[in-house]
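Convention: sequence-line order gives letters A, B, ...; per-chain numbering from 1.
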2 protein chains.
Amino acid sequence: MLFADQGAQPMMGRLLAHLLICDPPHQSSADLAEALQASAGSISTLTRQLLAMGMIQKAVVPGSRATFFRLTPGMWVDLMRQRNGSLRAVREAADRGLRALAHRPTEQLDRLREFRDFYLFLEGEMPRLLDAWLARRQETPR
Amino acid sequence: MLFADQGAQPMMGRLLAHLLICDPPHQSSADLAEALQASAGSISTLTRQLLAMGMIQKAVVPGSRATFFRLTPGMWVDLMRQRNGSLRAVREAADRGLRALAHRPTEQLDRLREFRDFYLFLEGEMPRLLDAWLARRQETPR
DNA sequence: TTTCGGATTCAGAACATACTGAAACTTCGA
DNA sequence: TCGAAGTTTCAGTATGTTCTGAATCCGAAA
């Protein structure tokens, strides 16, 4: 499964893919290491990163000392919301550029202004789109 | 200008940023090499790639043998359209996964199905969003 | 306190990427 | 046909990234 997880290292993609289909849905570090044929070190690093991003959660399983992990429900939507932050970063950079070049004749700035406006548009519309998705999910019977 | 051009090497980001603000808007290879302090080899490779992606165009300037380049008008929208292709790739991979696991009890597939549905939603809505942007651009007086 | 299952850290190996510089090539005018 | 301007190609270098393995750490049970 070619998981082109933008900005994720290959093993992180495999880890997420596994958590998407594994049975049961929660897995211990050892389970993951075994399933992905990865070192314990890798798993530790990756789970720490994914926890920090909020993409996975810890789960406790009675009778086992080990830590278990599962996908955070609704994480894909959250992920897209986070990505909106990088749209904003680009838009803000464009704004700084426009401010810095304010002394130039206006038609020279058309290109940069259009770029900025486009990103501003996306930045504003993406949250709407995600809300629309959540609303649709809500009304669909499971 | 921190150009976090997803999937573009640093120098490509700088090249695009330069074409966004340079005066005049078309630049020769030598101009670019000079402005970015890059080797002629880099410029050649990068312009070839950007041409292939349709993000820049060649321009002829009378009286000069050199090739000039300028940003393709409307390229940012096109870029987003292309990115829709990677949404589709992910969605298709999820579909293959669902087909391969069709024998499993349905509730085990909930996670993967929701993932697929979300990407399918985005894949369908993004083009609408871009059309909405173009329509708005149209009616705005330049 | 010791022991042991389990987790974490990090130096280093293997691999991948981005760019340069120099040589080869193309094109056009003389 | 020659020469010069301009461009392309590519081997090599520098730099980054990803993962492993071994040492270390932590905490619970004995």
Side-chain angles (χ1 to χ4, degrees), chain A residues 1-19 22 24 26-72 86, chain B residues 1-19 22 24-72 79 86:
Chain A
M1 191 167 173
L2 208 153
F3 218 125
D5 256 353
Q6 333 253 54
Q9 47 278 63
M11 197 60 93
M12 188 182 281
R14 302 216 286 140
L15 177 30
L16 288 173
H18 181 70
L19 283 178
C22 61
H26 47 83
Q27 302 265 299
S28 71
S29 300
D31 292 340
L32 293 170
E34 161 72 18
L36 308 178
Q37 288 296 307
S39 71
S42 274
I43 301 299
S44 173
T45 305
L46 292 172
T47 50
R48 183 164 40 75
Q49 292 177 180
L50 288 169
L51 279 170
M53 289 192 261
M55 299 180 71
I56 63 176
Q57 296 175 328
K58 286 195 184 189
V60 210
V61 168
S64 168
R65 266 202 232 167
T67 322
F68 285 71
F69 301 97
R70 65 158 184 224
L71 285 183
T72 303
S86 50
Chain B
M1 192 165 173
L2 208 153
F3 220 124
D5 258 352
Q6 333 251 55
Q9 47 277 64
M11 197 61 92
M12 188 183 281
R14 302 216 287 140
L15 176 30
L16 289 172
H18 181 69
L19 284 178
C22 61
H26 47 86
Q27 302 266 298
S28 72
S29 299
D31 292 340
L32 293 170
E34 161 74 16
L36 308 178
Q37 288 297 304
S39 69
S42 274
I43 301 300
S44 173
T45 304
L46 291 172
T47 49
R48 182 164 40 75
Q49 292 177 177
L50 288 168
L51 279 170
M53 290 191 259
M55 299 180 70
I56 63 175
Q57 296 175 329
K58 286 195 183 188
V60 210
V61 168
S64 167
R65 260 203 232 169
T67 322
F68 286 71
F69 301 97
R70 66 161 182 221
L71 286 183
T72 304
L79 185 62
S86 48

Could you state the atom-to-atom distance from [atom1] of [X] to [atom2] of [N] in whole Å?
X: A/Q49; N: C/dT8; atom1: CD; atom2: P; result: 12 Å
X: A/L50; N: D/dT18; atom1: CG; atom2: P; result: 13 Å
X: B/E34; N: C/dT20; atom1: CD; atom2: C1'; result: 17 Å
X: A/D31; N: C/dG5; atom1: CG; atom2: P; result: 17 Å
X: A/L32; N: D/dT20; atom1: CG; atom2: P; result: 13 Å
X: A/L46; N: C/dC10; atom1: CG; atom2: C1'; result: 15 Å
X: A/R48; N: D/dT18; atom1: CZ; atom2: P; result: 14 Å
X: A/L15; N: D/dT18; atom1: CG; atom2: C1'; result: 14 Å

Do [X] and [Y] come within less than 4.5 Å of each other through their side chains, counting heavy atoms only?
X: A/M11; Y: A/L46; value: yes
X: A/D31; Y: A/F68; value: yes
X: B/L19; Y: B/Q27; value: yes
X: B/Q9; Y: B/R14; value: no
X: B/F69; Y: B/L51; value: yes

B/L16 CG to B/I56 CD1 distance, which is reported to the nearest 0.5 Å
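Going from CG on B/L16 over to CD1 on B/I56, the span is 8.0 Å.
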Distance (rounded to the nearest 0.5 Å) between A/L71 CG and A/M55 CE
8.0 Å
Residues from residues 35-45 of chain A sitting under 4.0 Å of DNA chain C, heavy atoms only?
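Hits under 4.0 Å, by residue number: A/A40, A/G41, A/S44.
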Identify the residue among B/S28, B/P24, B/C22 that makes a side chain to side chain contact (heavy atoms under 4.5 Å, CB included) with B/H26.
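Of all the options given, the one that passes is B/P24.
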Distance below 4.0 Å between A/S29 side-chain N/O and C/dG6 OP1 or OP2:
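For C/dG6, neither OP1 nor OP2 has a side-chain N or O of A/S29 closer than 4.0 Å.
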A/R48: partners by side chain to side chain contact (heavy atoms under 4.5 Å, CB included), with sequence neighbours left out
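Here the qualifying residues are A/T45.
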Neighbours of DNA chain D within residues 56-69 of chain A, by heavy-atom distance under 4.0 Å
A/R65
